[in-house]
Amino acid sequence: MKSNFTIFSLLSANLCTFFKKISKSKPRTSTFVLLMTTLNLALYHWPLLSFANKNLAILTLNGMQTLLTVFAVIYLVTALVLYPLFILSRRLGKAVCVIFAIGNSLATYFVVTYNVILDKTMMGNIFNTQYSESEQFLSLKLIAYFIVLGLIPAWLIIRTSIQKTSRVRLFLHLTITVIVASTWVWQSQSHWLWIDDHAKQLGGRIMPWSYVGNAARYQSDRAKQNIVQTLLPDATFRSNKKTVVVLVIGESARAENFSLYGYDRLTNPLLTASDVITLKKATSCATYTTASVKCILSHVNTSGVFSENFETLPSYLQRQGIDVIWRTKNWGEAPIKVSSYLTSGDLKKHCEGLECDYDGVLLTNLTEQIRASDKQKVFVVLHQTGSHGPSYYSKYPKEFEVFKPVCRSVELNNCTQEELINAYDNTILYNDHFLDNLRQILDGLSQTSSAYLYVSDHGESLGEGGIYLHGTPHTIAPDQQLKVPFFVWMSQSFIDQKHISVDKLKQREQSTQANIFHSVMGAFDMDSEIYNKDLDMFEAAANK
């Protein structure tokens with residue numbers, strides 16, 4: 001920490017000295033744009049340089065030319081934005097430079113600290129982060145980045161006096177910049193193969209265009225999703241037997257840390273002792289909550305650019321006469337219409353005990369609410385906060401801190417791997433307790449056929465390859481973010497009603513989040529044009 005402080009102190013002093021000299025000389029607008037474009041490259045792109053150093057022989061002639069080509073592209077894009085802004089207005093141009101300095105400081109911190117890539121996926125993750133979650137990232141290092149790389153440059157930019165330059169001169173400078181940079185890029189076509197191979201990693205580290213462009217892309221996609229949902233065809237029911245199905249949507253749980261999947265630590269003692277069925281080789285369809293939850297609740301693949309916006313599973317079941325209860329300590333679901341939507345805040349008013357600040361609050365008076373329903377079929381969704389980082393230590397009651405010592409810093413790379421894994425494993429241990437409590441609730445519903453399905457929205461990286469948290473683009477995401485726990489518990493009456501072979505269910509070779517929608521339909525004995533029996537796990541495991 002002392003070495004970082006020294007570096008930031010020197011950087012602050014040098015920045016102040018540099019801008020004082022610039023301010024005294026009162027640079028022309030064209031010179032100021034040139035300086036801002038160059039400083040943007042120098043101050044905020046060392047994470048990109050670090051990536052290139054690991055994946056490119058930058059000390060060779062070919063490596064240096066490739067790296068210069070990358071920087072030429074960044075310089076060209078930045079110039080194409082700043083010159084027109086300053087042509088319109090010097091004040092507007094300076095204001096945008098100030099905003100970029102502050103935004104770049106925060107973006108650089110997260111890229112350096114967690115090795116994230118600021119693509120559209122990660123921007124979706126950021127936009128769906130609430131204050132209670134974002135405050136967990138606050139640290140002295142973040143404040144240092146914000147002050148030294150954000151506030152100080154912003155203040156110095158504001159203080160710098162700029163001489164007026166004619167719009168014709170600025171346009172001429174822009175033209176020359178475009179010609180020179182474009183010529184370099186064009187004649188460097190032989191280096192584009194490496195750039196293309198690493199496009200996502202490079203693009204997610206370019207400041208500020210990584211987060212600006214991908215934020216715009218995410219919001220554009222989100223706007224398309226806000227159109228009216230297409231209603232699904234009505235369903236009929238093959239039976240009217242009292243049935244309760246619970247879907248537990250986990251958060252940031254990765255399969256490799258579950259003893260049910262062969263982990264050498266006993267993180268699932270209660271589930272191991274119960275008759276829960278573990279589904280092998282389960283995968284998520286995305287690495288961030290919004291997309292994953294949408295996938296879990298959809299009857300078709302929702303990843304396509306032109307995919308239609310259909311109503312989700314809870315809304316569909318509600319419209320078919322099923323009593324739907326949604327309880328959440330999380331967020332990120334698509335618009336839903338259900339009979340009961342309760343947040344952890346709503347539930348906490350009636351909660352007693354140590355678990356009211358944790359996922360356990362989701363089970364508050366659940367038995368009573370299910371029994372109070374006048375419907376024969378009840379569907380419950382429990383959306384957990386689960387194992388969401390970086391403050392894993394805050395996701396479970398003290399009594400579940402079995403694995404020690406634990407990481408208590410949001411700067412995960414400051415913790416030892418042992419401390420980080422310990423804190424994370426404790427969240428899995430608490431989830432084991434949560435799911436066993438849910439089993440007991442369902443088991444206690446007399447004369448009711450019941451089952452629960454548990455699946456995590458996505459996995460989590462814990463420093464493997466220098467990557468932390470989640471949200472890495474799906475095409476390059478590590479297995480830790482894609483391989484998720486997925487298992488099922490069924491009451492004996494549910495097994496008998498569906499004629500299910502437990503052995504067949506255990507022998508499934510692979511499962512995905514796409515199985516959820518149709519398996520829930522099958523559990524409720526529903527028939528419809530959209531029902532796909534090939535995706536219904538219960539149908540596939542039935543004795544015929």
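By convention here, the first residue in the shown sequence is residue 1.
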Query raised in the report: Can K395 and E251 be counted as an ion pair, charged N to O under 4.0 angstrom?
Result: no
Donor-acceptor pairs under 3.5 Å, side chain of residues 95-107 to any protein atom, not counting sequence neighbours: which ones?
residue : atom : partner : partner atom : Å
N104    : OD1  : Y211    : OH           : 2.6
N104    : ND2  : N40     : OD1          : 3.1
N104    : ND2  : F100    : O            : 3.3
S105    : OG   : I102    : O            : 2.6

Query raised in the report: What residues form a salt bridge (charged side-chain N to carboxylate O under 4.0 Å, His left out) with D479, not counting sequence neighbours?
Result: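 Only K483 meet the salt bridge (charged side-chain N to carboxylate O under 4.0 Å, His left out) criterion with D479.
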Partner set under side chain to side chain donor-acceptor pair (under 3.5 Å) for [X], not counting sequence neighbours:
X    : result
Q417 : none
S340 : Q369
T427 : S387
Q384 : N431

**Report entry** Partners passing ring-ring contact (aromatic ring centres under 6.0 Å, His included) against Y424 (at least two apart in sequence or in another chain)
**Finding:**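 For Y424, the residues satisfying ring-ring contact (aromatic ring centres under 6.0 Å, His included) (neighbours in sequence not counted) are Y392.
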Query raised in the report: H458: what forms a ring-ring contact (aromatic ring centres under 6.0 Å, His included) with it, not counting sequence neighbours?
Result: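 By the ring-ring contact (aromatic ring centres under 6.0 Å, His included) rule, H458 matches H470.
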Query raised in the report: T78 and side-chain contact (heavy atoms from CB on, under 4.5 Å): which partner among T37, V33, I206?
Result: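 Among the candidates, only T37 passes.
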**Report entry** Nearest heavy-atom neighbours spanning A286 and S292
**Finding:**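 That would be O-OG, 3.2 Å.
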Requested in this report: Take atom CZ of R91 as the centre, draw a 6.0 Å sphere, and report whether it contains more than 12 heavy atoms from other residues, nucleotides or ligands.
Outcome: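 Counting other residues, nucleotides and ligands, CZ of R91 stays at 12 neighbours or fewer.
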Query raised in the report: Can you tell if the side chain of Y44 reaches within under 4.5 Å of the side chain of I74, non-hydrogen atoms only?
Result: no
Query raised in the report: How would you list all residue pairs meeting salt bridge (Lys or Arg N to Asp or Glu O under 4.0 Å) that involve residues 30-51, not counting sequence neighbours?
Result: none
Query raised in the report: Do D346 and T343 meet the criterion of a side-chain donor-acceptor pair at a distance under 3.5 Å?
Result: yes
**Report entry** Residues in side-chain contact (heavy atoms from CB on, under 4.5 Å) contact with S456, at least two apart in sequence or another chain
**Finding:**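 Expected list: A253, Y454, V484, P485.
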Query - Residues forming a side-chain contact (heavy atoms from CB on, under 4.5 Å) with Y109, sequence neighbours excluded - result: T113, Y114, S139, K141, L142, Y145, E411
Query raised in the report: Taking only residues at least two apart or on different chains, which pairs with a member in residues 63-97 satisfy ring pair (Phe, Tyr, Trp, His ring centres under 6.0 Å)?
Result: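 For residues 63-97: F32-F86.
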